[in-house]
Every structure is written in C-alpha cells, then in structure tokens.
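Read through the structure below, which is laid out as structure tokens, and then see the notes.
Bear in mind that the values here come from a model prediction, so they are computed numbers and not experimental data. Counting convention: from 1, in listed order, for ligands and their atoms alike.
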Amino acid sequence: MHFLKADKLFNGSHFLTENSVLVLNEQRQLVDIILENTIDPGKVEKLKGIITPGFINAHCHTELSHLKNKIPQKTGLPGFGKQIILQRFASHKQEIIEHIKEADKEMWQNGIVAVGDICNTPDSFEIKTESKLFYHSFIELLGLNPERANDAFNMGVLLFEQLKNMELAGSLAPHAPYSTSNELISKISAFNLQRNLPSSIHNQESEDETKFFNGVKNGFDDLFAFLQVEISWFKAPKTSSLNYYAAALSDQQTLLIHNTYTSKEDIEFVKNKNLYWCFCPNANLYIENKLPDLNLFATQKNKLCVGTDSLASNLQLDLISELNVLMPKFPDLKLEDLLSAITSNPAQALGIGAKFGGFILGKNAGLNLIDVNAAQFKFIKKIN
Ligand SMILES: [Zn+2]
C-alpha cells in the first residue's frame with residue numbers, strides 16, 4: 001500500500017478536507033481515502049502542491065498533428081479552414097502517423113488520460129489501440145446540402161464500424177452548423193441516441209458563422225466558392241446558428257466546441273438541452289484572436305469543459321496552458337471551476353465518469369501534481 005497526501009487534494013469537483021490521504025495498492029489503483037490521524041504519519045508521502053485526477057482533453061484532432069506551425073495565425077476561421085483543406089492531405093501517411101504518435105505521447109506526459117478526438121479518417125485508429133490514453137473518437141461528418149445527408153451518414157457509419165471492429169470507443173458527430181445540414185444532424189443524433197453515445201459539434205467559432213445564418217455577406221462565401229460548393233439554394237434563417245440547429249439535437253449529451261460568439265440569449269434558448277460548453281482558448285487566439293466571454297456561462301459551471309483543439313491551431317497539447325489563458329481573464333471562475341473543466345465535467349460529457357475524471361475507488365484514473373501561483377497553474381509531475 002502507498003499513502004499519499006499533498007497541501008490540497010482536488011477530487012474532480014471539489015477540494016477534500018485538509019488531512020485526507022489517498023491509499024493506492026501495488027497496481028496503483030486508488031483503494032481508499034482515509035484521514036491522516038488514522039495511520040502512522042511516517043508512512044505517508046507528503047507532496048507540495050495540489051493532487052488532481054488525470055486530465056481529460058475534451059476536444060482534439062490528433063490526425064491534424066502534422067500541421068503544427070504550418071497554418072498562418074489570426075486569419076479568421078474561413079481562411080484557416082481553407083489552409084487545412086489545402087495542406088492536410090499533402091503529407092505522406094507515414095509522416096501523419098508519426099505526428100499522431102508524438103501527440104499521443106505529449107498528452108500523456110502532460111497528465112492527460114482521456115481525449116475526445118475528432119476523426120475524418122481512420123489515420124489515428126491503429127495508434128489508439130496501443131495508446132496508454134483512453135480515446136473517444138468522434139467520427140465527424142460534413143454535408144450542408146440536405147440531399148447529401150444519406151451519403152455522408154452512410155460513410156460515417158462505415159468508419160464507425162471500422163472503429164468498433166478495432167474495439168475502440170466512439171460515436172458520430174456533425175462538424176459545424178455551416179457545414180452540416182439539420183437533416184444530417186438529426187440522423188447523427190438518432191444514431192447516437194439509440195446507442196447512448198455522446199456527440200460534439202463546433203459551435204459559433206467565428207462571427208462569419210453568425211453572419212452566414214443571418215444572410216449577411218461573410219467569409220464562408222469565399223470558402224464555398226474555393227471548394228466549388230454551390231449554396232445559392234441555402235436560405236438564411238436569420239437566427240443564430242445554435243438557435244437554428246438546436247432542435248435537430250437529441251437529448252444525448254453533446255459537446256459544443258468553441259462558443260466564441262455564443263450570446264446570453266443562445267445559452268437561455270438551449271437551457272433544457274443536454275449540452276456541455278467546451279472552450280479551446282489557445283486555438284481561438286491562434287485562429288480568430290478572440291476569446292469567448294466565460295462570464296456569460298456563470299450558470300453552467302458543471303457543464304464547462306476545456307480542450308486543446310489540434311496542433312494545426314495550437315503549439316502544444318497541454319490543458320494547464322489552456323487554463324492559464326482563462327484564469328487571469330475570468331477571475332470569477334474559482335479554482336474548482338477551472339479544474340472541473342479538465343476532469344469531472346469532460347468525463348460526464350464523454351460518458352466515462354465511472355473510470356475517469358475523479359478519485360474513483362478501485363480504478364487508476366491518473367493522478368497529477370500541480371501548483372497555483374499568481375493566477376497561473378504549474379504542472380509539476382504526473383504521479384500515476
Ligand atoms: Zn476542432
């Protein structure tokens with residue numbers, strides 16, 4: 001048995017009473033949490049800092065890892081999307097695979113134990129079967145034209161079956177409201193609902209998205225022209241995008257990614273939906289140079305998640321670095337709120353709360369040692 005304590009113990013949702021001690025067995029599973037005065041103090045290893053459960057990266061695209069430092073910064077989302085399309089398939093498969101492997105290793109070293117990972121291809125599947133991390137792969141589908149809904153859906157199901165055959169966890173997910181029809185979102189929602197699986201969608205990442213749904217000239221017009229996608233049939237609903245597609249979502253939990261341009265009215269409009277708000281601040285700065293206003297989400301504290309997004313729009317896959325962007329800008333967020341956004345909340349969102357995101361008896365959900373000073377966290381080491 002190994003007895004472990006620190007200045008503070010954060011269990012995924014709150015700090016434990018000061019004299020709590022974690023008890024680990026030889027297999028490094030957590031078997032008990034006891035009070036310090038019930039055992040010989042000489043047996044307890046005392047660490048300086050805060051012990052937390054292993055971190056959960058709610059949003060990543062490991063298959064874009066080879067695009068690190070290749071896409072210009074602060075061009076806005078349509079320009080960024082165009083570069084991704086131009087560059088993502090320009091590399092050899094082996095190079096793509098090598099970079100996914102490195103990304104997997106980097107996340108593990110940074111204390112991450114589970115990931116919600118977007119997939120448009122099977123490139124990452126093999127690595128996931130050998131990884132120390134748990135992955136929930138979101139098979140991402142696109143198709144703005146409702147006539148394409150069946151074809152896009154069927155292609156997604158094929159990739160999903162490939163994933164299942166490799167005994168990997170996953171589900172289907174629409175890419176974004178400006179690239180996925182409500183018909184396709186409904187089909188995806190029904191598929192996931194039937195299997196009790198979570199979903200994900202990029203939501204209100206740019207002002208161009210809001211303009212697109214309001215019928216105002218916007219950057220996606222150029223992107224669609226470049227892609228030779230004919231959209232003259234599209235009739236702007238003149239509402240926010242979230243307002244437009246929310247009805248196509250089922251009651252299954254869904255991660256909304258980015259939310260940079262989400263308004264108070266949007267949050268109110270979807271308050272009865274089973275939604276998690278995932279923020280990727282470093283990617284927002286990289287692409288749009290604008291952060292979402294987390295003060296708007298004050299009523300949603302147990303629904304906040306944080307992700308790294310991909311190395312195409314970030315210089316590292318490190319959740320502590322993401323929290324360190326948010327902490328000084330949003331002082332109303334408590335330490336517990338920030339740490340829950342990389343532990344218990346994403347565990348609930350991904351449906352893996354029985355294994356990850358907390359101090360879970362009988363499991364090894366990972367343990368990290370961090371510290372906090374002057375509105376910045378510091379990652380000290382991975383304990384477990
Ligand atoms: Zn993304």
Side-chain angles (χ1 to χ4, degrees), residues 56-68 70-71 73-88 96 99-100 103-104 106-107 112 114-121 123-124 135-142 156 159 170-180 185 188 198-206 208-209 219-220 223 241-242 245 254-262 275-292 304-319 321-322 325 341-342 346 349-350:
I56 302 176
N57 186 358
H59 183 71
C60 192
H61 305 238
T62 55
E63 65 186 23
L64 299 179
S65 300
H66 62 295
L67 298 179
K68 185 177 173 182
K70 291 207 174 146
I71 316 273
Q73 298 195 22
K74 309 187 201 309
T75 63
L77 183 62
F80 177 83
K82 186 175 169 181
Q83 283 303 315
I84 292 281
I85 293 159
L86 281 171
Q87 295 198 42
R88 71 175 297 175
I96 293 174
H99 282 87
I100 298 173
D104 177 78
E106 179 185 346
M107 286 196 276
I112 294 169
V115 186
D117 192 41
I118 305 289
C119 305
N120 304 107
T121 73
D123 290 351
S124 62
Y135 284 92
H136 180 97
S137 295
F138 290 106
I139 306 292
E140 185 177 78
L141 309 185
L142 293 91
L159 208 49
S171 56
L172 301 184
H175 168 251
Y178 59 83
S179 64
T180 321
I185 296 177
I188 293 169
S199 194
S200 149
I201 181 167
H202 295 87
N203 179 63
Q204 299 178 301
E205 186 176 356
S206 72
D208 290 296
E209 179 173 325
F220 289 117
L223 183 63
S241 59
L242 181 56
Y245 75 82
T254 299
L255 277 154
L256 303 192
I257 316 297
H258 295 304
N259 316 304
T260 319
Y261 291 85
T262 301
L275 301 177
Y276 287 81
W277 308 94
C278 176
F279 303 95
C280 306
N282 278 318
N284 296 147
L285 294 175
Y286 191 106
I287 299 171
E288 291 267 330
N289 199 23
K290 166 139 171 86
L291 289 176
L304 304 184
C305 299
V306 166
T308 59
D309 214 342
S310 76
L311 284 173
S313 58
N314 206 339
L315 303 177
Q316 67 278 311
L317 302 176
D318 174 17
L319 290 167
S321 143
E322 303 297 328
V325 175
I342 60 169
L350 294 173

- [ ] For the Zn ion (ligand 1), decide whether Cys60 has an N, O or S atom at a distance under 2.8 Å.
- [x] no
- [ ] Specify whether an N/O/S atom of His61 falls short of 2.8 Å from the Zn ion (ligand 1).
- [x] yes
TODO: Working to the nearest 0.5 Å, report the span between CD1 of Ile342 and OG1 of Thr308.
DONE: 11.5 Å
Open item on the list: Within the 3.5 Å criterion, strictly below it, is a donor on Asp309 or His61 matched to an acceptor on the partner's side chain?
Closed with: yes
TODO: Give a yes-or-no answer on whether the side chains of Asn57 and Glu322 include a donor-acceptor pair shorter than 3.5 Å.
DONE: no
Open item on the list: Holding to ring-ring contact (aromatic ring centres under 6.0 Å, His included), I want the full list of residues that pass it with His175, two or more places apart in sequence or in another chain.
Closed with: Tyr178, His202
- [ ] Considering just N/O/S atoms, say which atom of His202 is closest to the Zn ion (ligand 1).
- [x] NE2
